2 protein chains.
Amino acid sequence: MTLYQDYPKFLLAVDCIIFGFNGEHLEVLLVKRGFEPEINKWSLMGGFVRENERPEQAADRVLQQLTGLNDVYMELCGAFGEPNRDYAGRVVSICYFALIDSKKTQEIVSEKYEAQWFPISEFPELIFDHNKMVSKARRSLRMKAALYPILFELLPEKFTIPQIIALYEGVYDTALDKRNFIRKLSTSGLLNKTSEKDKSGSKKGAFYYTLNTEVYKEKIMTFLQYLPSWNMD
Amino acid sequence: MTLYQDYPKFLLAVDCIIFGFNGEHLEVLLVKRGFEPEINKWSLMGGFVRENERPEQAADRVLQQLTGLNDVYMELCGAFGEPNRDYAGRVVSICYFALIDSKKTQEIVSEKYEAQWFPISEFPELIFDHNKMVSKARRSLRMKAALYPILFELLPEKFTIPQIIALYEGVYDTALDKRNFIRKLSTSGLLNKTSEKDKSGSKKGAFYYTLNTEVYKEKIMTFLQYLPSWNMD
DNA sequence: ACAAAAGTGTTTGAACTACACCCATGC
DNA sequence: GCATGGGTGTAGTTCAAACACTTTTGT
């Protein structure tokens with residue numbers, strides 16, 4: 001079963017950068033490490049790949065363990081293999097970022113793991129190279145979200161326009177012009193307006209929208225034909 | 001030296017999707033496999049990660065072995081770990097795409113390896129899941145090149161505008177409007193016009209340009225601030 | 001002189017920017 | 001009735017798309 005006797009073997013980890021949106025802020029889900037080394041320090045959720053698993057499956061499993069969620073949007077965003085990155089062994093880590101509505105996890109998180117959502121702009125120092133992983137994931141997320149409307153993966157079934165704006169502002173760490181952004185959204189065909197209002201954030205209340213999943217899938221699946229837009233500042 | 005005794009270990013490979021541009025067409029560099037299994041079939045250039053190497057280093061090394069080139073633009077574009085993807089053992093492969101001027105490799109390629117450039121639109125069936133890897137790499141390349149002018153990595157020091165156009169047309173598999181594209185290029189600040197002409201392609205001859213590396217680096221380094229452009233067809 | 005590719009300019013419509021006011025409601 | 005955030009409209013500008021002809025030079 002192997003012609004490759006002479007080559008070294010590695011422990012293979014997956015680490016998940018779990019981005020969430022709680023209706024107001026972009027956040028990242030971290031766990032307090034329950035084992036040595038670096039026990040009790042903040043870390044990304046991760047785990048080792050099993051013998052009969054693909055790395056993506058391992059990432060799904062690990063995410064499911066922590067959050068209880070399946071079918072989560074997840075994407076490769078890095079491979080970290082510095083020989084001494086983990087003090088306890090030679091481990092290569094494959095990183096994925098995941099996008100979830102953080103509200104969906106509120107009961108489940110913190111049962112087995114000490115997990116906590118942190119604002120993306122202010123989270124603690126992490127073990128090993130996990131801070132680098134988060135940076136890389138943020139860059140990947142910005143890039144992908146610039147071309148595909150994947151940030152809707154972070155929103156609940158029903159969401160308001162002020163929420164989408166807050167979400168994009170969080171991801172790109174910038175202020176947007178509401179009016180222009182709303183126009184862009186409404187001409188995109190991605191939104192279905194409902195008659196319900198969310199009154200929690202204001203007296204007037206903001207209409208709930210749902211995602212037009214046909215349009216969404218189409219835009220997500222589109223294989224880029226051509227659009228260099230690198231004439232920007 | 002290890003608290004992680006109970007976890008399985010894996011052979012770790014890197015595979016390089018080597019994109020090249022020969023002045024006319026986009027192409028991909030393939031090798032005829034020199035060892036079992038699947039000896040003598042076409043394959044991506046790859047190799048196993050060594051004990052004291054980062055995966056990126058392994059990719060650099062493998063690319064250097066084949067082409068003699070260092071400091072090549074390279075980017076992660078996949079992790080393939082299907083348990084039976086390699087018939088001869090449990091191997092997880094980390095994929096990188098590389099961008100090089102294929103002219104730089106013409107003497108070196110085919111010394112040790114039977115390597116050959118193939119047009120991207122017409123290359124042979126590859127071993128294992130390597131065809132999938134190429135598809136993934138093409139998608140990654142399109143995505144990155146839509147936001148950053150990385151395709152200049154494929155061009156020689158001096159290049160002509162018709163070459164850039166052919167390059168973009170090859171990457172996006174589409175026809176471009178010359179005039180509009182030239183305008184975009186000239187307003188980008190990326191080009192320095194020289195007084196030399198390339199007369200090989202036509203009687204009139206096309207002016208050579210060089211890359212304005214300051215502008216280029218700036219555009220490459222820019223951390224996306226904000227530009228959802230997903231209102232496209 | 002003619003073939004073959006390089007290179008140039010204008011017009012039109014669409015999209016983005018910038019900007020200010022009214023709306024609905026709870027208190 | 002007023003404070004609070006939600007939502008709408010318009011004018012100016014920039015940018016992308018569509019489009020055809022002139023230039024250079026080798027043969």
Side-chain angles (χ1 to χ4, degrees), chain A residues 23-25 145-147 149 155 158-170 172 174-210 219 224-233, chain B residues 23-25 145-147 149 155 158-170 172 174-210 219 224-233:
Chain A
E24 294 177 26
H25 304 292
L147 299 174
L155 292 166
K158 294 174 179 192
F159 49 83
T160 67
I161 289 188
Q163 286 176 340
I164 308 180
I165 294 173
L167 172 54
Y168 272 86
E169 290 185 332
Y172 289 97
T174 191
L176 299 181
D177 184 306
K178 262 196 308 177
R179 299 160 285 195
N180 294 330
F181 192 70
I182 291 173
R183 188 188 352 274
K184 195 173 227 175
L185 283 169
S186 31
T187 60
S188 71
L190 286 164
L191 301 186
N192 294 325
K193 192 172 189 171
T194 72
S195 49
E196 264 183 283
K197 275 190 167 186
D198 168 25
K199 302 251 181 151
S200 66
S202 74
K203 295 161 184 177
K204 182 177 179 182
F207 279 105
Y208 278 117
Y209 289 78
T210 60
K219 285 183 191 285
L224 281 186
Q225 276 315 310
Y226 175 61
L227 85 168
S229 47
W230 29 258
N231 272 4
M232 53 184 182
D233 295 313
Chain B
E24 293 177 26
H25 304 291
L147 299 173
L155 293 165
K158 294 176 179 191
F159 49 82
T160 66
I161 288 189
Q163 286 175 340
I164 308 181
I165 294 174
L167 172 54
Y168 273 86
E169 290 185 332
Y172 290 97
T174 193
L176 298 181
D177 184 304
K178 262 195 311 177
R179 298 161 286 193
N180 292 331
F181 193 70
I182 291 173
R183 187 186 358 271
K184 195 174 226 173
L185 283 169
S186 34
T187 60
S188 72
L190 286 163
L191 301 187
N192 294 325
K193 191 172 189 171
T194 72
S195 49
E196 264 183 284
K197 274 191 168 187
D198 168 25
K199 301 251 183 153
S200 65
S202 74
K203 294 161 183 176
K204 183 177 178 184
F207 279 105
Y208 278 117
Y209 289 78
T210 59
K219 285 184 190 283
L224 281 185
Q225 275 317 308
Y226 175 63
L227 85 169
S229 47
W230 29 259
N231 271 4
M232 54 183 181
D233 295 314

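Bear in mind that the values here come from a model prediction, so they are computed numbers and not experimental data. Below, chains carry the letters A, B, ... as their sequence lines are ordered, and counting in each starts from 1.
What separates CD1 of B/I165 from C1' of C/dT8 is a distance of 13 Å, to the nearest Å. Atoms CD1 (B/I182) and C1' (C/dA5) sit 12 Å apart, rounded to a whole Å. Atom CG in A/L176 sits about 12 Å away from atom P in C/dA18, given to the nearest Å. B/K184 places its NZ atom 6 Å from the P atom of D/dA17, with the value rounded to the nearest Å. A straight line from CD1 of B/I164 to P of C/dG7 spans 10 Å, rounded to a whole angstrom. Rounding to whole angstrom units, CG of residue B/N180 and P of C/dT12 are separated by 16 Å. Summarising the geometry, the separation between CD on B/E196 and P on D/dT24 is reported as 19 Å, rounded to the nearest angstrom. Between B/K193 atom NZ and C/dA6 atom C1' there is a gap of 10 Å when expressed in whole angstrom units.
The line from OH of B/Y209 to CG of B/L190 is 13.0 Å long, rounded to the nearest 0.5 Å. For the atom pair CZ (A/R183) and CG (A/D177), the distance works out to 8.5 Å, reported to the nearest 0.5 Å. To the nearest 0.5 Å, atom CG of residue A/L191 and atom CD1 of residue A/I161 are 6.0 Å apart. Atom CZ in A/F207 sits 7.5 Å away from atom OG in A/S195 (nearest 0.5 Å). The CG atom of B/N180 sits 11.0 Å away from atom CG of B/L185, with the distance rounded to the nearest 0.5 Å. Between the CD1 atom in A/I165 and the CD1 atom in A/I182 there is a gap of 4.5 Å [rounded to 0.5 Å].
Every residue meeting the ring pair (Phe, Tyr, Trp, His ring centres under 6.0 Å) condition with A/F159, not counting sequence neighbours, appears here in chain and number order: A/F152.
Picking from D/dG7, D/dA18, D/dA20 the nucleotide with the shortest atom distance to the side chain of B/R179 gives D/dA20.
Of the residues in residues 198-209 of chain A, A/K199, A/K203, A/K204 come within less than 4.0 Å of DNA chain C through at least one heavy atom, sorted by number.
Looking at B/R183, its side chain has no donor and acceptor atom pair within 3.5 Å of the base of D/dT14.
When each of A/D177 and B/T160 is assigned the nucleotide of DNA chain C with its nearest heavy atom, B/T160 is the one assigned upstream, toward the 5' end.
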